[in-house]
Amino acid sequence: PIFAFGADFLLRRTAGRAVKRRYLPSYDVKYLDKAKHRTAILFPCFAATEEDIADAFSHLSTVAAANPQDIFSYALLFDYPRSSAETAESDEALDKKIREEFARRKELHGRLCALVRKRKRVSGEEYFQGYEKKRGAVLDFNKFMLSGEGEFSLKLGDTPLSEYVITLDSDTLTCDCAELVAMKAHPYCADSAILSVNCKPNGKRSLYAKLFAGETGPGRYRQSNADISHDLFGLGNYTGKGIYDVKKFQAGLENFFPDNRILSHDYIEGAVAGCMNSSLNASEDFPQTFEAGFTRDLRWLRGDWQLLPYTRGKIKNKEGVKRKSPIAPAAAFAIALNLVLSLVPVAQLFVLGAALAAYPYPSVLVIAFAPQILRSVFALAAAYGNPRAALAEIARCLFDIALLPTLAIYKLCAVAVTLYRLAVGRKLLEWSVFAHAKGKISIIPNLVAFAVFAIIPAIFAPNVFFFSLAAVFAAR
């Protein structure tokens, strides 16, 4: 993984500058026509409290005010928390709150739709929840638009009849929806079902957020990575925010994946249905603490490892029948590379342990910290033009080194749990959305990391102990 990171990093920093960017053509927005380019702006939402519902309607009103064109309708699609039965005692109060908030949006009546999905029994489990969570919510919404059919416990407003859907998360803001429709309607984009948008972080209120928003570490969500896959192969990176053609999206994905198997569905959906990257931007909230950010990273990690079967030449469809994979080799390679890069901290910890135990040579330490060294060298090379950015990158590297044991142990545990659940085929959809992830991290890996890399070195090297302790306080 360390050498894979080095090769990927150098390729993106060198070839990324040489490759010609692939910018998509677009119509002028003044040529958009309501009869041809009707678009629904969809917000799939998880609502556990009345406050969640109020926030969802407030967020929709903000996006609607920023995108008021008459081609748009707006939709909120709610899932309630899982329950031991199809209905729960809290449902009535949540339904009432939705009706109240819907009635207050009089200026949007005729263009606004609010839906609540019925819970369904999860196969092999003892609880009920919305079918396939967000992935199923989008499919249910498409089916509702195309046929008028859908299993909803509450329906308010008119059925949106749209050619396209712009799907956004409950914390995503953009004012470029009309430009996105104009780009998707261009014939050049006709073969791709999806166009994604670039998401940039906002709300940098804490020191952690100011330091890490826009970081350059490994991962497909880093905004600074050169988009080589798209520029060379036309493969977009769909992260759940973008626009899609309703009929093409539904035809390609409705019966493609087995049920209760896909957690991180966005990228793989783009790889199957066809995705291209637009040059348009949206903003979304960034975690304000290390705990919240790392919880989100672990959820992404688990979802990414559940895509391991889709790196092979043959895959199973919804009925369990094996078929030749329609995923492009470059996309399958990107999935596999992402899995390898997720193990970088684990490999670093292994090499560092070997260096301390058996091979106490400086060259081994250089290999162990090669990712941070590479990032620091490139940051210093660019320090003349932007010294603050260079200092921030070096600070991030030191932070990663200080918390390396915790990062490695958590990620190794997450990968092991995911592989076990893949083998037994259970609990593959258990996760918390970002808005409800409050840094719920198990204490066991922390205790192991503290014992191995803090208490023991404290006996022989007190300076290492104090450095580790300072890192823990900095993380909070």
Side-chain angles (χ1 to χ4, degrees), residues 22 24 42 44 131-143 145-146 163-169 180 183-184 188-197 199 220-221 227-278 300-339 418 422 425 428-429 431:
R22 185 192 294 256
L24 303 183
L42 172 66
Y131 170 70
E132 289 292 308
K133 296 204 169 182
K134 181 184 174 182
R135 185 177 79 85
V138 173
L139 293 176
D140 285 346
F141 183 73
N142 294 343
K143 184 178 179 180
M145 285 197 302
L146 293 173
E163 299 293 327
Y164 308 110
V165 169
I166 294 176
T167 177
L168 303 173
D169 286 346
L180 193 58
M183 191 173 291
K184 183 68 186 77
Y188 183 85
C189 304
D191 292 336
S192 295
I194 303 169
L195 287 188
S196 68
V197 296
C199 279
R220 56 188 171 84
Y221 290 91
D227 203 358
I228 296 178
S229 295
H230 184 252
D231 296 335
L232 286 180
F233 307 109
L235 297 175
N237 180 15
Y238 181 50
T239 58
K241 278 77 72 173
I243 186 172
Y244 62 82
D245 183 293
V246 176
K247 293 180 180 178
K248 290 182 179 179
F249 188 96
Q250 196 74 353
L253 296 170
E254 184 176 17
N255 297 308
F256 188 84
F257 299 109
D259 289 345
N260 305 317
R261 302 289 295 185
I262 303 296
L263 175 61
S264 183
H265 54 89
D266 299 323
Y267 182 82
I268 193 70
E269 286 177 338
V272 173
C275 175
M276 301 183 76
N277 291 346
S278 73
W300 284 347
L301 177 65
R302 284 181 48 203
D304 290 342
W305 274 88
Q306 287 182 14
L307 301 181
L308 180 62
Y310 294 92
T311 60
R312 298 179 297 187
K314 289 188 176 182
I315 58 177
K316 292 182 179 180
N317 61 12
K318 187 173 183 178
E319 288 73 30
V321 179
K322 283 192 174 183
R323 53 171 290 188
K324 184 178 179 181
S325 174
I327 299 173
F333 175 80
I335 294 172
L337 178 62
N338 197 50
L339 303 185
T418 303
L422 273 175
L428 291 171
L429 296 184
W431 57 278

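The first residue in the sequence is number 1, and the count goes up from there.
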Output, in order, the C-alpha distance, side-chain angles, deciding distance and verdict of side chain to side chain contact (heavy atoms under 4.5 Å, CB included) for K318 and D259. CA-CA 7 Å; K318 187 173 183 178; D259 289 345; 3.4 Å; yes
Item to check | Contact check, side chains of Y244 and V138, non-hydrogen atoms, under 4.5 Å | outcome: yes
Mind running side chain to side chain contact (heavy atoms under 4.5 Å, CB included) on D304 and L339 for me, showing each step along the way?
CA-CA 7 Å; D304 290 342; L339 303 185; 3.9 Å; yes
What one should report as the nearest heavy-atom pair of A273 and I194 is CB-CD1, 4.3 Å
From the list E254, Q250, K247, side-chain hydrogen bond (donor to acceptor under 3.5 Å, both in side chains) with N142 holds only for Q250
For T418 and Q306, the nearest pair of non-hydrogen atoms, with its separation, is CG2-CG, 3.6 Å
- Task: Mark yes or no for whether N277, through its side chain, and N237, through its backbone, hold a donor-acceptor pair below 3.5 Å.
- Result: yes
Rounded to the nearest 0.5 Å, the CZ atom of R22 sits from the OG atom of S229 at a distance of 11.0 Å
All heavy atoms of E319 vs all of N255, minimum pair found to be OE1-O, 4.5 Å
| message | Using a 6.0 Å cut-off, check whether atom CZ of F256 has over 12 heavy atoms from anything other than its own residue. | response | yes
Discussion item. Pair M145, V246 - check side chain to side chain contact (heavy atoms under 4.5 Å, CB included), show working.
Written reply: CA-CA 9 Å; M145 285 197 302; V246 176; 3.6 Å; yes
Output for pair (M276 CE, L24 CG), nearest 0.5 Å, gives 4.5 Å
- request: Examine distances only and state if a side-chain atom of E132 and a backbone atom of N260 form a donor-acceptor pair shorter than 3.5 Å.
  value: yes
Here the gap from I268 atom CD1 to L307 atom CG, rounded to the nearest 0.5 Å, amounts to 5.5 Å
Sorted by chain and residue number, the side-chain hydrogen bond (donor to acceptor under 3.5 Å, both in side chains) partners of D245 (sequence neighbours excluded) come out as none
CZ (F233) and CD1 (I228) are apart, to the nearest 0.5 Å, by 9.0 Å
Looking only at heavy atoms, the pair that brings A331 and A271 closest together is CB-CB, 4.0 Å
Between A193 and K248, the two heavy atoms sitting closest are CB-CB, 3.9 Å
- prompt: Quick one: are K134 and D169 in side-chain contact, heavy atoms under 4.5 Å?
  reply: yes
I'd like to check L263 versus R302 (side-chain heavy atoms, cut-off strictly below 4.5 Å). Are they in contact? yes
Can the ring centroids of F257 and Y310 be said to lie less than 6.0 angstrom from one another?
yes
Can you confirm whether F249 sits close enough to V165 that some side-chain heavy atom of one is under 4.5 Å from a side-chain heavy atom of the other? no
**OP:** Start with the C-alpha gap between V272 and I327, add the side-chain angles, then the distance that decides, and say whether side chain to side chain contact (heavy atoms under 4.5 Å, CB included) holds.
**Re:** CA-CA 6 Å; V272 173; I327 299 173; 4.0 Å; yes
Does K316 have more than 12 heavy atoms from other residues, nucleotides or ligands lying within 6.0 Å of its NZ? no
The reported gap from CG in L180 to CD1 in I166 (rounded to nearest 0.5 angstrom) is 5.0 Å
Rounded to the nearest 0.5 Å, the NZ atom of K324 sits from the NZ atom of K314 at a distance of 9.5 Å
task: Using a 4.5 Å cut-off on heavy atoms from C-beta on, say whether the side chain of P326 contacts that of I315.
output: yes
Residues Y238 and D266: closest non-hydrogen pair is CD2-O, 3.0 Å
